[in-house]
Amino acid sequence: HREGGALNRVLVTIRRTAHVVVASVVVELALDFGAGALAVVLAPYAGNWVYAVAGVVVVGSLPVLGLNIARVAHREWRR
């Protein structure tokens with residue numbers, strides 16, 4: 001019998017997915033910051049609807065981030 005088998009498996013999965021989580025969060029923050037900055041720059045020329053578009057980009061990208069992390073964690077768990 002393996003001592004702490006389930007816990008060990010969870011820890012290994014977390015360790016293997018941590019880099020993907022970090023990379024995904026960095027990309028997400030860059031996208032959000034980029035969208036926000038772009039909205040601030042374009043708003044005087046294009047109007048306030050640019051803020052709405054930036055909001056949609058930010059909110060729309062969150063589920064993608066979550067799905068990506070879940071997919072990688074699931075793949076690592078099956079190893």
Side-chain angles (χ1 to χ4, degrees):
H1 78 180
R2 289 193 352 222
E3 197 67 36
L7 180 63
N8 196 37
R9 187 173 180 188
V10 168
L11 290 174
V12 167
T13 301
I14 290 170
R15 208 174 299 132
R16 285 189 179 152
T17 53
H19 67 281
V20 177
V21 172
V22 170
S24 297
V25 169
V26 167
V27 168
E28 176 70 27
L29 288 174
L31 272 173
D32 294 353
F33 184 74
L38 200 63
V40 169
V41 169
L42 291 179
Y45 307 103
N48 286 339
W49 63 269
V50 175
Y51 291 113
V53 172
V56 169
V57 168
V58 170
V59 173
S61 61
L62 287 174
V64 175
L65 173 71
L67 281 173
N68 190 34
I69 293 169
R71 188 176 50 82
V72 173
H74 183 69
R75 188 178 69 215
E76 291 297 337
W77 181 258
R78 286 186 307 183
R79 273 189 176 180

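Keep in mind that this is a model prediction, so the values were computed, not measured. Start at 1 with the first residue, then count along the sequence. Hydrogens, waters and symmetry mates play no part in the numbers below; they use all other heavy atoms, side chains included.
Residues forming a side chain to side chain contact (heavy atoms under 4.5 Å, CB included) with Phe33 (at least two apart in sequence, or on another chain): none. Remark: Val12 engages Asn8, Arg15, Arg16 in a side chain to side chain contact (heavy atoms under 4.5 Å, CB included) (not counting sequence neighbours). Taking Val10 as the reference, Ile14, Trp77 meet the side chain to side chain contact (heavy atoms under 4.5 Å, CB included) condition, with sequence neighbours excluded. Under the side chain to side chain donor-acceptor pair (under 3.5 Å) criterion, Arg71 pairs with Asn68, sequence neighbours left out.
Shown here for Ala54 and Ala35, the closest heavy-atom pair between the two residues is CB-O, 3.6 Å.
If you chain together ILVMFWY residues whose side-chain heavy atoms come under 4.5 Å of each other, Val41 ends up in a group of its own. By the 4.5 Å side-chain criterion applied to Ile, Leu, Val, Met, Phe, Trp and Tyr, Tyr51 is assigned to a cluster that also includes Val40.
A single hydrophobic cluster is seen to contain both Val50 and Val53, as judged by linkage of ILVMFWY side chains at heavy-atom distances under 4.5 Å, directly or through other members.
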